[in-house]
Asks: 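Let me begin by handing over the structure; questions about it come next.
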Amino acid sequence: MLEYNLPRYLLSAEELPDSDETPVDNELQELIPGLLKAILLILWSERMDWLFAIDMGIYYHPDKPVIVPDGFLSLGVERFYDEELRPSDVLWDENVVPIFVLEVVSQNYRKEYTTKLAEYEALGILYYVIYSSRRRRKPHLEVHKLVNGKYELQEGNPVWLSEIGLGIGCERGNYCGVTREWMYWYDEQGQRYLTPAEQIKQETQRAQQETQRAQQETQRAQQEAQRAEVAEQRVQQLTEQLKALGIDPDNLA
């Protein structure tokens with residue numbers, strides 16, 4: 001919840017720009033949060049109380065510059081306003097601060113580890129996640145959690161985010177035809193959730209296996225029917241042979 005004083009007159013989301021109009025300088029800044037959102041769209045398909053936005057402006061004060069993270073997650077908000085969706089995230093309208101913010105570091109450093117960290121800390125965002133695949137001696141992924149008003153770096157990969165009910169981490173995989181290190185959501189046991197393409201592949205394989213099992217069952221049923229038919233023919237032949245010998249098969253002791 002917002003805990004600072006705001007001016008009396010506040011602009012609405014429709015009156016504010018939807019971003020700072022600064023283009024991304026690396027495709028990963030769109031693809032990485034895009035993958036996280038794509039997974040959530042499947043995981044939380046029945047939930048209507050969340051928003052995961054990519055390159056969307058967060059307005060926290062009408063007289064201060066908009067903040068535009070690469071991605072952020074808010075919980076306890078309307079999933080959709082209407083068919084036009086949200087142009088931006090206006091905190092005095094939502095009355096909910098994002099719980100998770102993601103910054104993807106590109107070749108142009110944008111003060112993700114300093115100025116932005118202080119901004120998100122002051123805003124009260126619970127989890128601030130920074131990803132940089134260019135780091136050599138430090139972890140690519142940093143998860144900072146707000147504890148008593150200050151960010152504390154969390155250990156591990158993945159890191160369990162109990163307030164969200166998901167873990168966040170990174171590992172090598174394939175997305176959009178590119179094999180590299182990607183960020184994923186994980187369950188509490190550290191098992192990562194599948195991408196949409198992986199889920200389709202898994203469901204396709206499961207359907208193929210079910211079809212194969214059905215075909216095998218059909219083949220077994222056909223074989224049983226054939227064996228029953230052969231046995232019936234054999235009985236009929238024996239019956240005819242006994243009758244030819246003057247023996248009534250129905251009166252055999």
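Note that the structure is a prediction, hence the values are computed from the model and not measured.
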Asks: Between D70 and V104, is there a donor-acceptor pair closer than 3.5 Å when you use the side chain of the first and the backbone of the second?
Replies: yes
Asks: Does T115 use its side chain to pair, donor to acceptor, with the backbone of K111 at less than 3.5 Å?
Replies: no
Asks: Taking the six-membered ring of W50 as reference, does the NZ or CZ atom of R79 fall below 6.0 Å from its centre and within a 45° cone about the axis?
Replies: yes
Asks: Could you tell me the separation between the CG atom of L146 and the CG atom of L126, rounded to the nearest 0.5 Å?
Replies: 6.5 Å
Asks: Is it true that Y128 and Y120 have ring centroids separated by less than 6.0 Å?
Replies: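 That pair passes the under 6.0 Å test.
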Asks: Classify the side-chain pair R180/S133 by whether it contains a donor and acceptor separated by less than 3.5 Å.
Replies: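 R180 vs S133: donor-acceptor pair found between side chains.
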Asks: I'd like to know if the side chain of Y131 pairs up with that of E181 as donor and acceptor (distance under 3.5 Å, no hydrogens or angles considered).
Replies: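 Short answer, yes.
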Asks: Say whether, by atom type as modelled, one donor and one acceptor occur between the side chain of H140 and the main chain of R134 under 3.5 angstrom.
Replies: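 Pair absent, no side-chain N/O of H140 close to backbone of R134.
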Asks: Under 4.0 Å between a side-chain nitrogen and a carboxylate oxygen: does that hold for K116 and E119?
Replies: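 Salt bridge absent between K116 and E119.
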Asks: So, for Y175 and W182, is the gap between ring centers shorter than 6.0 Å?
Replies: yes
Asks: Please report the C-alpha distance between Y127 and E163 in whole Å, then the side-chain angles of each, then the deciding distance to 0.1 Å, and finally whether the side chain to side chain donor-acceptor pair (under 3.5 Å) criterion is met.
Replies: CA-CA 10 Å; Y127 290 105; E163 295 81 358; 2.4 Å; yes
Asks: Any sub-3.5 Å donor-acceptor pair from E94's side-chain atoms to W92's backbone N or O?
Replies: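 Absent.
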Asks: Is it true that E171 and Y186 share a donor-acceptor pair across their side chains at a distance under 3.5 Å?
Replies: yes
Asks: Under a 4.0 Å threshold between the charged nitrogen and the carboxylate oxygen, would R192 count as salt-bridged to E198?
Replies: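 Answer for the salt bridge query: yes.
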Asks: Quick one: sort the W185 and F100 rings into parallel, tilted or perpendicular, breaks at 30° and 60°.
Replies: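 Ring orientation of W185 relative to F100: tilted.
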